[in-house]
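What follows is one structure encoded as structure tokens, with my remarks underneath.
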Amino acid sequence: MAEHESLEFGKADFVLLDNVSLEEFMANLKLRFEKGRIYSYIGEVVVSVNPYRAMNIYGRDTIEQYKGRELYERPPHLFAIADAAYKAMKRRNKDTCIVISGESGAGKTEDMSVTSVCLYRVKNMLLKSNCVLEAFGNAKTNRNDNSSRFGKYMDINFDFKGDPIGGHINNYLLEKVGGLVKGAPDAQLRSLHIQRDPTAYTYIKVGGQIKSSINDSADFKAVTDAMKVIGFTTGEIQTVYKILATILHLGNLKFGSDGDVTLIENSKLVSVLGDLLSTKDENVEKALLYRTVATGRDVIDKQHTHQEASYGRDALAKAIYERLFCWIVGRINDIIEVKNYDARVHGKNTVIGVLDIYGFEIFQNNSFEQFCINYCNEKLQQLFIQLVLKQEQEEYQREGIPWKHIDYFNNQIIVDLVEQQHKGIFAVLDEACMNVGKVTDEMFLQALNGKLAKHAHYTSRKLSPTDKNLEFDRDFRIRHYAGDVAYSVVGFIDKNKDTLFQDFKRLLYNSSNPVLKAMWPEGKLSITEVTKRPLTAATLFKNSMISLVENLASKEPYYVRCIKPNDVKSPLLFEHERCKHQVEYLGLLENVRVRRAGFANRQTYPRFLQRYKMISEFTWPNHDLPSDKEAVKRLLQGCGFEHDVAYGKTKVFIRTPRTIFNLEEQRAEMVKRIVLFLQKVWRGTLARMRYRRMRAALIIIRAYRRYKVKSYIREVNRRFKNVRGMKDHGKHVKWPTPPKVLRKFEEALRNIYNRWWAWTLIKDLSPEEMVQIRAKVATLECLKGQRADLGLQRAWEGNYLVSCMLAKAEDRALLITDRHLYKMDPVKQYKPMKSIPLYNVTGVSISPGKDQLVVFHTKDNRDLIVCMQGMVPAGDSRIGELVGTLFSHFKSEKRKLQVNIVSPIHCSMNGRKCTVIVETKINQSQPDFTKSRSGYILSVPGN
């Protein structure tokens, strides 16, 4: 049974209905339609309901989901039946066929296209042939926008590997009418003398504006491109459109009379027809108005009456369209047929046939075409019931299961009513057409009444005088398997004769267009040559149907039964009575009964075990019994279902659907537990795999890290092992790039090296030199990068009072001890003028220039301003030495000295805020202080 569909969508297989009744069947069908499930099964038959909307279930990924799967393994779909036919062909090397049937508008053409996409697999030309044939063979009716007016049977040939290698198409065209496309370019329409308005042409304006084969420019281009892909030449495509244009123009020809002479009223069309048919205008006119008759050796031209001319015109239009369609099919067959295939070399050539043929039709006015269509459906329904019963019986016999007889409606009586020799309707019609003299449709109806008066499925107004739905001398009714249909005999005789005057055949044969000439080979016959009476349309159609049925019967059939849910093409409406009628005449309920007559479900032992083995401890995960059959027996016995099953040679047969549902419920319950167990095992496996990967990665990382660390240490050791003997103690040696993990270690290592390098420089210094070094280091710490000259290159003497006698009386000297800062007058033998305790000093401010301005900041806001520029020797910078000495002293006492490098410098003099600004003057020889409004200005030499 179909998997992945819960019961909220109804039963996917009608065989599994609890009760086989029409009410339950219809309820299940409606439920599935409303839930968007347009496909269902009856065993191996697909029931398809036209959704009247686009559905995203036909993509390449969907095809892959059904490829190689059994029918019940996936939800019902056309792809499943197509793949089943393909597997049967490939596995058993047997020809198969897919029969798609249903009434007009049920979606048969679309279903064939979908099935073909799955079957063709690689053959683009086969798919393109569908597009072309539908364009010329379908039409709009009052029940269907794309009704097939022809039947199509396509054989798809596969080689021994199962790859498509070609095909062949048989067509069963009935209605011989055609029209030109609205979507053709304007230039092409002008060359064909065609207007874009379809209502301007008699043949296609009946019933209003009818949708033609192609109804817009996009479709027109698609058909033209498809013809090019298939292999039609540009000249052949142009001839096709010329023939369609000819048919439209023929419909507009009007005949008049001048006494006894028949004339063409719109004679301008004759020249248009001559141009389109590549023949002379006078020959066209003569063929339309005269008929050449041979009497012995004499040949005379007999003029048509107005009625004969109109009949000849319509017969010519229909014949031209029929020949065109047959020629198109023939050209496609020439291209797609298998060529040069030798079974001895290439292996056996197998076939899958696909049949898409007109559905059962009941119109307000049913004529000869509907009669033939409905006869065709009777033949196919008969074949369907016979083959389904035959398949069931053969399977039971093959498996050794007893078979019991099944009663079903046999429509052979209706088939015989139509095709039986001497007594059938076709035979009576042919007999009427062969009679000498004037034979009318009324005479044909009288003959039917005489021969079929006692037939249970035939009646007419004469036979049933009280039936006012039938007209006297016009209608007869047949009780088809699909329902009662009344037919009008009007036109039966003419349509059955389907005769075309020989003059038209000669006219078209003598065309200068080689494509058109090839369509009419019989036109080369001499006027006096005697020919056989051609077979009638009914006989030809009956023979083709008999041949088709024989062809299908020789293959293993698969069925798609199409249902039309409503007549208004709504995707939401499910008309119960409408669908019920189709279910009845398609024989779907009989099909369910046949399938359910003995056993509702059957599966091969391996497949059954594969699906249900988890239910029993004897079969899970694998059994050790002698055979799969014994394992299935043990499983079913354990479940208590042995009374409801039978065991065939290769399959287990289950009688009631309830057993299947119980098995499915037990399976669903076990699957949950199995899934949980598998999830547990798999998650544990994933965790262990993840742990092993992480552990391996950690080991690798550790080993790699050790390697990188060792390599770095070795490289550092190699580069620095001889630094003691170097003049600069390794200062020029370039450090190797450390791995990321050793970056902080490298910083520490550099600090160690720098400390060692510094130690090697100062280890031999005296205590006095060490004090000076510490002061210079302090200077660097405070002023590096903020002043250009720090005086680091000279020796710091510390005592400059002896050698630095200054000339001016206002010059002062500074003395810094470990406790105080003294301002002294050098003129008065360095008499202290001011004493500032060092604990009262909070900071020092210096300017960033070369002026050597220093301001000592104190806690009591009595700052000291000093300029050391101009001292001896000239140009010496004492700022670095002063700051370094103070900073080093404060640091030794663990006190903080704030050093500011700014300009201008803000300070306090006796509690008053003031600013010291440095100005450079070119003519200034010595630095000098002057007062300003904001404080002081220090003028310094500019050179």
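FYI, the numbering just counts along the sequence from 1. Not measured: the values here are computed from a predicted model.
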Measuring from atom CE of Met545 to atom CZ of Phe426, what distance do you get when rounded to the nearest 0.5 angstrom?
9.5 Å
Would you mind reporting whether Ile413 and His455 have side-chain heavy atoms less than 4.5 Å apart?
yes
Does Glu550 reach the main-chain N or O of Ser547 with its side chain, forming a donor-acceptor pair under 3.5 Å?
no
Over 12 non-hydrogen atoms of neighbours within 6.0 angstrom of CD in Glu282:
yes
When you look at Met519 and Ile243, which way does the side-chain contact (heavy atoms from CB on, under 4.5 Å) test go after all the steps?
CA-CA 11 Å; Met519 293 183 190; Ile243 292 174; 3.6 Å; yes
Do the side-chain N and O atoms of Thr224 and Tyr241 include a donor-acceptor pair separated by under 3.5 angstrom?
yes
Inter-residue atom distance Ile332.CD1 - Met227.CE, 0.5 Å rounding:
8.0 Å
Considering only distance and modelled atom types, tabulate donor-acceptor pairs under 3.5 Å from the side chains of residues 262-269, sequence neighbours left out.
{"from": "Thr262", "atom 1": "OG1", "to": "His304", "atom 2": "O", "distance (Å)": "2.7"}
{"from": "Asn266", "atom 1": "OD1", "to": "Lys254", "atom 2": "N", "distance (Å)": "3.1"}
{"from": "Asn266", "atom 1": "ND2", "to": "Asn252", "atom 2": "O", "distance (Å)": "2.7"}

Value for CD1 (Ile478) from CG (Asp484), rounded to nearest 0.5 Å, stands at 10.0 Å
Have Ser278 and Lys242 got a donor and an acceptor in their side chains that come within less than 3.5 Å?
no
Considering residues, nucleotides and ligands other than Lys286, do more than 12 of their heavy atoms fall under 6.0 Å from its NZ?
no
Please name the pair of heavy atoms, one in Val485 and one in His480, separated by the smallest distance, quoted to 0.1 Å.
CG2-CD2, 3.7 Å
To the closest 0.5 Å, what do you measure between CG (Leu516) and CD (Glu236)?
12.5 Å
CA sep, side-chain torsions, deciding dist, call: Leu250, Ile320, side-chain contact (heavy atoms from CB on, under 4.5 Å)
CA-CA 11 Å; Leu250 279 172; Ile320 288 177; 4.2 Å; yes
Do you know the tightest heavy-atom contact between Gly491 and Asp441?
N-OD2, 2.8 Å
All heavy atoms of Ile493 vs all of Cys433, minimum pair found to be O-SG, 3.8 Å
With rounding to the nearest 0.5 Å, note down the distance linking CD in Gln421 to CG in Asp416.
11.0 Å
Which pairs pass side chain to side chain donor-acceptor pair (under 3.5 Å) with one or both residues in residues 507-516, sequence neighbours excluded?
Thr239-Asn513
Do side-chain atoms of Asn333 reach the backbone of Ile169 as a donor and acceptor pair under 3.5 angstrom?
yes
CA sep, side-chain torsions, deciding dist, call: Thr440, Met443, side-chain contact (heavy atoms from CB on, under 4.5 Å):
CA-CA 5 Å; Thr440 63; Met443 295 169 64; 3.2 Å; yes
Could you check if a side-chain atom of Val418 sits within less than 4.5 angstrom of a side-chain atom of Asn374, using non-hydrogen atoms only?
no
Report the C-alpha distance between Thr202 and Leu248 in whole Å, list the side-chain angles of each, state the deciding distance to 0.1 Å, and finish with yes or no for side-chain contact (heavy atoms from CB on, under 4.5 Å).
CA-CA 8 Å; Thr202 303; Leu248 294 184; over 6 Å; no
Candidate list Arg477, Lys462, Arg461, test salt bridge (Lys or Arg N to Asp or Glu O under 4.0 Å), partner Asp467, passing option:
Arg477
Determine yes or no for a side-chain-to-main-chain donor-acceptor pair under 3.5 angstrom, with Lys451 supplying the side chain and His422 the backbone.
yes
Phe492 and Tyr487 aromatic centres sub-6.0 Å:
no
Answer whether the closest heavy-atom distance between the side chains of Glu419 and Ile546 falls below 4.5 Å.
yes
Is any side-chain heavy atom of Ile425 closer than 4.5 Å to a side-chain heavy atom of Phe476?
yes
For Val261, does its backbone N or O pair with a side-chain atom of Gln303 as donor and acceptor, under 3.5 Å?
no
Heavy-atom closest pair (Gly231 atom, Arg331 atom, distance to 0.1 Å) is O-NH2, 3.3 Å
In Å and rounded to the nearest 0.5 Å, what is the CG to CG distance from Leu380 to Leu548?
6.0 Å
Closest approach of Ile373 and Asn377, non-hydrogen atoms and distance?
O-ND2, 2.9 Å
Could you pull out the closest heavy-atom pair between Ser460 and Asp475, with the gap in Å?
CB-O, 3.6 Å
With sequence neighbours left out, write down each residue that passes side-chain hydrogen bond (donor to acceptor under 3.5 Å, both in side chains) with Arg313, or none if nothing qualifies.
none
Heavy-atom side-chain proximity of Asp155 to Asn551 below 4.5 angstrom
yes
Do Cys326 and Asn171 come within less than 4.5 Å of each other through their side chains, counting heavy atoms only?
yes
Between Asp275 and His193, is any pair of side-chain heavy atoms under 4.5 Å apart?
yes
So, do Asp430 and Asn496 sit near enough that their side-chain heavy atoms are less than 4.5 Å apart?
yes
